[in-house]
Amino acid sequence: MADKQIKYAVTLYSMSCEYFTGKYNLEECLKAVAEMGYKGIELVAAQMIPEYPNPSREWMDEFVALLKRYQLEPICYSAYIDMGIRSDRDLNEEEIFQCTLNDMMYASYMGFPIVRTQHAITPKIFEQMVPYARKFNVKLTIELHRPHTPSVPVWQEYMRIMDKHGTENLGIVPDFSIFQRTPHKLYLELAIKQGARKPVLEAACRIFEEGAEVEATIGKLDSLSEFEIVTIKDIYSNFYSNSADVEEMRTLLKYTPYIHGKFYYLEEDQDDTCVPFHKLLPLIKEEGYSGYISSEYEGHHFSTEVSSAEQLHRLIKMENRILYGV
Amino acid sequence: MADKQIKYAVTLYSMSCEYFTGKYNLEECLKAVAEMGYKGIELVAAQMIPEYPNPSREWMDEFVALLKRYQLEPICYSAYIDMGIRSDRDLNEEEIFQCTLNDMMYASYMGFPIVRTQHAITPKIFEQMVPYARKFNVKLTIELHRPHTPSVPVWQEYMRIMDKHGTENLGIVPDFSIFQRTPHKLYLELAIKQGARKPVLEAACRIFEEGAEVEATIGKLDSLSEFEIVTIKDIYSNFYSNSADVEEMRTLLKYTPYIHGKFYYLEEDQDDTCVPFHKLLPLIKEEGYSGYISSEYEGHHFSTEVSSAEQLHRLIKMENRILYGV
Amino acid sequence: MAGFQAFADYIICEKPIENVVVNGQAVGYEFEIKYPSYRGTYVSCIEKLEIAVDGREIDPKDLRFCLNHKEFLFAQIPELYSEYWFIHDNAVIRVFQEDGLAKDRDHEVSVRIVHRIPYTGYFGDYLVLDSANTKKLQVL
Amino acid sequence: MAGFQAFADYIICEKPIENVVVNGQAVGYEFEIKYPSYRGTYVSCIEKLEIAVDGREIDPKDLRFCLNHKEFLFAQIPELYSEYWFIHDNAVIRVFQEDGLAKDRDHEVSVRIVHRIPYTGYFGDYLVLDSANTKKLQVL
Ligand SMILES: [Mn+2]
Ligand SMILES: [Mn+2]
């Protein structure tokens, strides 16, 4: 992957299933992605740091040593804005400031150039962090994730702040989930396992493809179970509405140092039918994007039977095929 | 000390200063009291258990092993009713029940026959604990400590509960502080160090000895500083009022398996001028008391310069002299 | 339709139930559970935690939630925003019950965790998941 | 007259102040304190915690209280009834301050802890102690 303009990274979140079940520990996750040829690493702090939200120096030193052992580079430290941790109220400004400042300090300590935070940071606090991002020499980025799209008003504010202060230390991490369409295989299999009938779901999808709205679609189908109605609504909201247009990616690129290449399931040697990589990748290449695209496998939300390693392997192959025809 | 009826124990709380400052660790405290000839040990859980209020099995196993190493016997596990730990309210019944049940379980696990709790447990919860005390084969006791005396109404209720259920698994731990009179040396020295004049305090004590009340006493003394007035009031409430009569010890003995021999400072080979051991010890001997008296040195609240070991040594000598004329 | 729930099958750990013994007598029993998510959470995000054993719902006053070397009442759970539940740290559910559980047969344990995902307030709301798991466990 | 206060002299630990350095630049400094009592307490029993350095009172928003491998805002202290402060565990006071503290001289640190003794409600009231300590410390 050495000389190509678009760089590949991987979020360890992709190995959620193997890590959760204990099949792989942290080191085994790193070893696995290194063997796949990945060089850049994203760490989801709340997933793999036992002392989260306050990682010990010992843990961080050990993590840095592990990266070195497998010749991996820290690229993105994924932070959360856990607004809802209290039962009585949302986090207040002081608390959001504190956790963000800490995450930037931990990221800097471990050598991550990018910190991914979430939109709930608020424009006010995001702007307060600018001098710290400069001082710590990290890029504070906000993930743009489904169900948000670039047209949600707060994103206009975030872009204004980035225009004002520059993108040297600020940025957006588009997650390809904002572009997804057509339910993926694991989604449908799980819905069927939970009681929905396959022909009914397929019929609903066909009607949605023709541009029908959700109530009209439900009206056209006979004798649906309550679960099927819920599922069809969920399919509509997740795959046939609220998606960003692929062209919107062009505007985002100006702010983008890192992309979440979100996917759920890939068949061998085939394009993704859910996330339009085949349109997005040529577009970012054409625009001259030279940041990272990070492989983010999320099928583990739907099945624990799939091999994440195999999926990550198929993604690289597909990306190389789409980008470079190899 | 082998054949004597009244048995000596010591609370590790006596070594608070050495333990707090790190001069002695837990093992060194045990070694020190073993060398003084003590056999029975009281542990103040909230003082020496790092994982309080939930000691780990590892800590408890290690503690039991240490006792064995120094041929010491676990006698009393001192629990608290920490009613005021929350800022919004006092502990509720469920919480008091929980911590008491736990303390009895930890005590039983480590082999302590006695659990000391505090009056704030409430008669209702104390009575709820009776079946557990039987089952765990521990004696659940309540410490009667200054500023309480046996005449505080709740104590009549506790004694009724003990009369009803028997004293096989219930009891009272009188702390000799309820009998204290005349300020001890460390108290006076500290008050003087903090700015009170020695002759003024001595004059106040003389007037109190003659039976005067606090306002009258202050009235008789000229040009007192504000601090001296506060100190004189404190001396009155701690040493010249609210004390139990020594004779009240007779009623308590029926419920008493363990006594806190509280003291603050002893001169070499002299009787305590603050706590009337010279009256209390002959009384409990005459009544045939055969439980433990535990040495409880508390001078560390007033000075960190005094050797607890030397004080504990002087106490045993004084007790032997008073009880057995040796 | 629930994605995000694939880990619910792992809530109850495949380890035998242990009786809690004091002075030679069982006063209850305990078993272990995992938080069913790709990431850890704060204990305060648990909105409901319901335990049933052999078909009988356990009274919360007989239950303890043990994590990070501490023991909590179920009533305290909503307040524990400073207790992080790492996904590899098993919590112990302690049930107080006279004589514990009989060893002569397996027992059916059911756990239901209703939990708020603290970062999902995309439009002011939080995703609240309702995760359940039932397993037959031996008594050690 | 205050007994119960003999340990106040030990609040500030006799260890040098350390600057907090990120990306080669100091963003603050920290020093250690002990709980001044014969027994441990719960962090929620701290009713006031005031820090002054070189005679200047530090704004609580620039302060962090670090204990049990966790970091807290000063505003959270009254709620932390499940954080036990063992007497041999030093808490770290972190002060955010641009460039940290100069190393060319000692700095005077003052700490005031107003703390409720949780078991002293003999007649419905709690003993609340006001413990203070000042020391000159080096910067490491
Ligand atoms: Mn993402
Ligand atoms: Mn006592």
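Just so we're on the same page: letters track the sequence lines, and every chain starts at 1.
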Shortest non-hydrogen contact from D/P78 to B/S87? O-OG, 2.7 Å
Find the one option among B/P53, B/G22, B/G195 whose heavy-atom pairs under 4.5 Å with chain D are most numerous. B/P53
Using a cut-off of under 4.5 Å on heavy-atom pairs, state which of B/S16, B/P50, B/A196 scores highest against chain D. B/P50
Heavy-atom distances under 4.5 Å only: say whether B/V154 touches chain D with side chain, backbone, both or neither. neither
To check you understand the geometry: which heavy-atom pair defines the closest contact between D/A6 and B/S303, and what is its length? CB-N, 4.0 Å
Side chain, backbone, both or neither of B/I235 within contact of chain D (heavy atoms, under 4.5 Å): neither
Side chain, backbone, both or neither: which part of D/Y81 has an atom under 4.5 Å from a heavy atom of chain B? both
Can you name the nearest heavy-atom pair linking D/S37 to B/F20, along with the distance? O-CD1, 3.2 Å
Please classify the contact of B/Y13 with chain D as side chain, backbone, both or neither, using a heavy-atom distance under 4.5 Å. side chain
Would you indicate whether the side-chain heavy atoms of B/I49 and D/Y84 approach each other to under 4.5 Å? no
Name the region of B/A120, side chain, backbone, both or neither, that has any atom closer than 4.5 Å to a heavy atom of chain D. neither
Check this for me: does any side-chain nitrogen of one of D/R116 and B/D82 sit under 4.0 Å from a carboxylate oxygen of the other? no
Step-by-step side-chain contact (heavy atoms from CB on, under 4.5 Å) determination, D/Y42 to B/Y52: CA-CA 10 Å; D/Y42 298 86; B/Y52 185 84; 3.3 Å; yes
Determine whether more than 12 heavy atoms belonging to other residues, nucleotides or ligands lie under 6.0 Å from atom CZ of B/R57. no
Where on B/I81 is there a heavy atom nearer than 4.5 Å to chain D: the side chain, the backbone, both, or neither? backbone
Measure from the side-chain N and O atoms of D/H88 to the backbone N and O of B/Y19, and report whether any donor-acceptor pair falls under 3.5 Å. yes
Would you mind telling me which of B/M83, B/K233, B/M48, B/H145 has the largest number of heavy-atom pairs within less than 4.5 Å of chain D? B/M83
Enter the distance from D/Y126:OH to B/I85:CD1 here, rounded to the nearest 0.5 Å. 9.5 Å
Validation row: B/Y80, D/R39 side chains within 4.5 angstrom (heavy atoms): yes
Should the ring pair B/H300 and D/F7 be called parallel, tilted or perpendicular, given that the plane angle runs from 0 to 90° and is split at 30 and 60? parallel
More than 12 heavy atoms of other groups within 6.0 Å of B/K198 NZ: no
What do you reckon, is CD of B/E305 surrounded by more than 12 foreign heavy atoms closer than 6.0 Å? no
Working to the nearest 0.5 angstrom, can you tell me the gap between B/E298 CD and D/Y38 OH? 8.0 Å
